[in-house]
There are 2 protein chains.
Amino acid sequence: MINQKQIANDLGISVATVSNALTGKGRVSEDVIRLVTSRAEELGYFPSAAGRALKTGRSGILGLVMPDITKPVFPKFAEGVEAEAEKCGFGILIANSRSTEEGQTKAIKQLIQRGVDGIIVLPQRRTAPNINRVPYATASTASDPNNTVAANHTQGGQLAAHALLDLGHRNFLLLGSDALSPVQKDRIEGMIEVLNGAAQYEVCWVSESFPDLVQKNQDGVTAILTTSDLLALRAVTEAERSGLKCPEAISVMGFDDLPLATAVRPTLSTIVPDTTELARRLVAYLDAAIRQEPTLPTPSIVDMTIVLRESTGPVATQFPNPTRR
Amino acid sequence: MINQKQIANDLGISVATVSNALTGKGRVSEDVIRLVTSRAEELGYFPSAAGRALKTGRSGILGLVMPDITKPVFPKFAEGVEAEAEKCGFGILIANSRSTEEGQTKAIKQLIQRGVDGIIVLPQRRTAPNINRVPYATASTASDPNNTVAANHTQGGQLAAHALLDLGHRNFLLLGSDALSPVQKDRIEGMIEVLNGAAQYEVCWVSESFPDLVQKNQDGVTAILTTSDLLALRAVTEAERSGLKCPEAISVMGFDDLPLATAVRPTLSTIVPDTTELARRLVAYLDAAIRQEPTLPTPSIVDMTIVLRESTGPVATQFPNPTRR
DNA sequence: CTACGATGATTAAACGATTAACCAGAGAAT
DNA sequence: ATTCTCTGGTTAATCGTTTAATCATCGTAG
């Protein structure tokens with residue numbers, strides 16, 4: 001293995017000078033710097049992560065704790081965090097909390113033992129991670145008191161509701177899949193805030209059985225707002241199977257802009273969280289905390305945007321439910 | 001920070017004894033072992049990753065290079081690798097090759113600089129990673145000469161074709177999205193092997209424009225085999241939109257068993273790669289290589305399984321295409 | 001009674017990089 | 001000529017753990 005000692009011996013100088021030359025600290029002449037860097041290049045030298053970590057107390061690695069990377073919301077997030085971390089010179093060690101609190105604490109402990117400099121946690125169910133040895137940042141919902149950044153799920157819900165109100169819809173079905181999820185609750189709440197007084201609506205938490213969309217449509221429902229693209233997909237396909245054209249008979253709005261949103265016909269209108277920006281702020285916060293900067297970024301909220309595709313359209317002008325038998 | 005020196009001082013013994021007591025090496029009396037472990041427990045001690053790594057030359061971390069974690073095939077894989085690695089005491093450092101060869105070599109270099117003990121690469125486009133400092137394992141297609149394990153994509157394709165032949169279908173449309181992908185080529189090839197002589201088929205690589213399914217159906221096609229659940233989803237929804245019921249008028253088979261497969265109606269029949277087993281073998285190989293075991297596992301191939309859901313059914317008995325206008 | 005093997009613990013040297021403290025030499029100022 | 005400062009470099013200690021080599025003690029066998 002090639003180390004600084006090797007380079008030092010080759011050039012007849014001391015390791016300290018080699019280190020100084022390579023890191024730019026201390027006092028070294030331009031000539032020696034050139035000599036050292038070129039020899040280092042020749043030998044294919046790069047500093048030992050372990051040696052540096054031991055001395056400096058920094059590993060250059062951040063831990064990322066996610067509930068379940070197979071759930072399609074998280075990969076985009078992971079990607080964003082990885083990209084941002086790389087820009088700041090950090091690597092990303094992943095850990096799986098398996099959507100449980102015990103799993104979460106276990107994952108955090110493991111990461112600390114592996115020597116990470118900081119931890120990013122996506123807590124589920126509003127659990128507050130208990131970390132004392134290293135700085136950490138959480139991305140939770142805006143309503144969560146202890147978060148570093150939050151996606152504005154409520155505002156996302158508002159966006160969805162506004163868009164369909166603008167298209168003339170006045171009778172909504174709001175679909176969620178998990179009434180205990182703070183994220184979903186916030187999204188639904190945002191929708192309700194906008195719809196209250198302006199339209200009729202019904203909230204439905206689907207677990208096993210899916211609501212009878214034909215029935216709902218006959219009752220006047222022309223728009224479905226969901227808390228996830230997966231639910232939207234289910235709604236669209238259930239609707240079309242029963243002869244309800246989307247968006248002609250019924251509009252459907254998704255959430256999260258998953259890869260499937262553009263793979264399905266009609267393509268899904270959806271609400272997009274800015275995962276890149278969330279990742280950017282999380283990493284920036286941790287970076288500052290790790291470098292012990294005097295002032296740290298304060299908790300902030302990132303708004304969502306809307307992308308209108310084929311699954312939403314204006315409310316039918318003539319007869320509201322053309323499929324009535 | 002709590003270290004072995006602390007424990008040693010507390011108990012009036014030497015650090016070497018502490019180390020020996022904790023690792024079970026050397027010669028230490030049972031009494032001292034008990035003393036040391038209990039004191040370590042009290043203080044909440046755990047070994048410094050950096051210190052240990054520096055001395056032993058092992059970081060206990062594996063690198064995972066994937067083309068693009070936002071593509072829905074990869075998260076399941078990452079999950080499997082993480083779980084298996086954890087069982088062997090390894091952590092997983094992720095790196096993004098951005099689906100390019102330069103990105104791949106850059107990612108590998110970064111991982112090595114961070115001191116990983118081994119690297120798992122999911123190479124795309126049959127690129128052979130050039131790694132010399134640490135052992136590595138690749139998961140490629142069976143037709144790729146330099147792989148550690150491979151999912152049997154060809155056999156997966158055969159499975160798909162067989163299943164629909166058994167259901168009575170005799171006229172197939174094979175859909176792929178990327179004719180350059182070795183994985184997709186292998187899958188299609190497997191299908192063709194089985195269909196040759198037994199049925200009529202047409203291969204179609206879709207990029208922007210999707211084939212006219214009504215037209216195809218009128219031409220006699222009753223089954224669509226795809227190389228991905230995303231394509232299958234597209235096919236199902238395109239079909240149902242044009243009035244072709246799935247599976248009554250046309251059967252659709254997916255690939256990979258993505259989360260969306262059960263979120264759509266009809267639920268997608270699909271071919272499932274055993275990512276857990278793939279991950280297990282990759283990690284096992286690396287573990288053996290890192291421990292310098294004399295004999296390493298030889299390259300092997302993991303078969304796929306089929307799961308039949310709602311999107312496939314028996315070929316229509318009476319009139320093959322009931323939607324003819 | 002002495003030598004020896006076994007046992008249990010200690011000493012000290014790594015591993016590779018960083019960094020505070022120190023030192024030699026040259027030029028400038030007094 | 002002497003001191004002072006600045007420059008460019010070296011020495012040595014340090015981070016925390018592991019491990020080979022060494023040492024002391026004690027029971028036992030020759």
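Keep in mind the model is a prediction, meaning the values are calculated, not measured. Throughout, protein chains are lettered first and strands after them, A, B, ... in sequence-line order, and every chain is numbered starting at 1.
- Across all non-hydrogen atoms, the minimal contact from A:Asp10 to A:Arg39 is OD2-NH2, 2.6 Å.
- Counting only heavy atoms from C-beta outward, the side chains of B:Asp144 and B:Pro182 never approach each other to under 4.5 Å.
- Across every non-hydrogen atom of A:Phe90 and A:Asp287, the tightest pair is CE1-OD1, 3.4 Å.
- Closest approach of B:Leu54 to A:Ser48, counting heavy atoms only: CD1-OG, 4.5 Å.
- A:Asn147 and A:Thr138 share no donor-acceptor pair across their side chains, judged by distance under 3.5 Å alone.
- Nearest-nucleotide assignment on DNA chain C puts the 5′-proximal partner with B:Ser14, out of B:Ser14 and A:Ala50.
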Mind listing the N/O atom pairs, protein and nucleotides 17-23 of chain D, below 3.5 Å?
unit_1 : atom_1 : unit_2  : atom_2 : d
D:dT17 : OP1    : B:Tyr45 : OH     : 2.6
D:dT17 : OP1    : B:Ser48 : N      : 3.1
D:dT17 : OP2    : B:Gln4  : N      : 2.7
D:dT18 : OP1    : B:Arg52 : NE     : 2.7
D:dT18 : OP1    : B:Arg52 : NH2    : 2.8
D:dT18 : OP2    : B:Gln4  : NE2    : 3.1
D:dT18 : OP2    : B:Ser19 : OG     : 3.0
D:dT18 : O2     : B:Lys55 : NZ     : 3.4
D:dT19 : OP2    : B:Lys25 : NZ     : 3.2

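- Of all nucleotides in DNA chain C, those with any atom nearer than 4.0 Å to a heavy atom of chain B start and finish, going 5' to 3', at C:dT7 to C:dG16.
- Taking 4.0 Å as the cut-off between side-chain N and carboxylate O, A:Glu277 and A:Arg281 count as a salt-bridged pair.
- Note on B:Glu79 versus B:Lys76: no salt bridge recorded, every NZ/NE/NH1/NH2 to OD/OE distance being 4.0 Å or above.
- Side chains of A:Arg98 and A:Lys106 form no contact here, defined as non-hydrogen atoms less than 4.5 Å apart.
- Annotation: proximity of residues 28-35 of chain B to DNA chain C (heavy atom, distance under 4.0 Å) is found for B:Val28, B:Ser29, B:Val32, numbered in ascending order.
- The existence of a salt bridge linking A:Lys71 and A:Asp68 is excluded, since no basic side-chain nitrogen approaches an acidic carboxylate oxygen closer than 4.0 Å.
- Heavy-atom contacts from other residues, nucleotides or ligands closer than 6.0 Å to CD of B:Gln292 number 12 or fewer.
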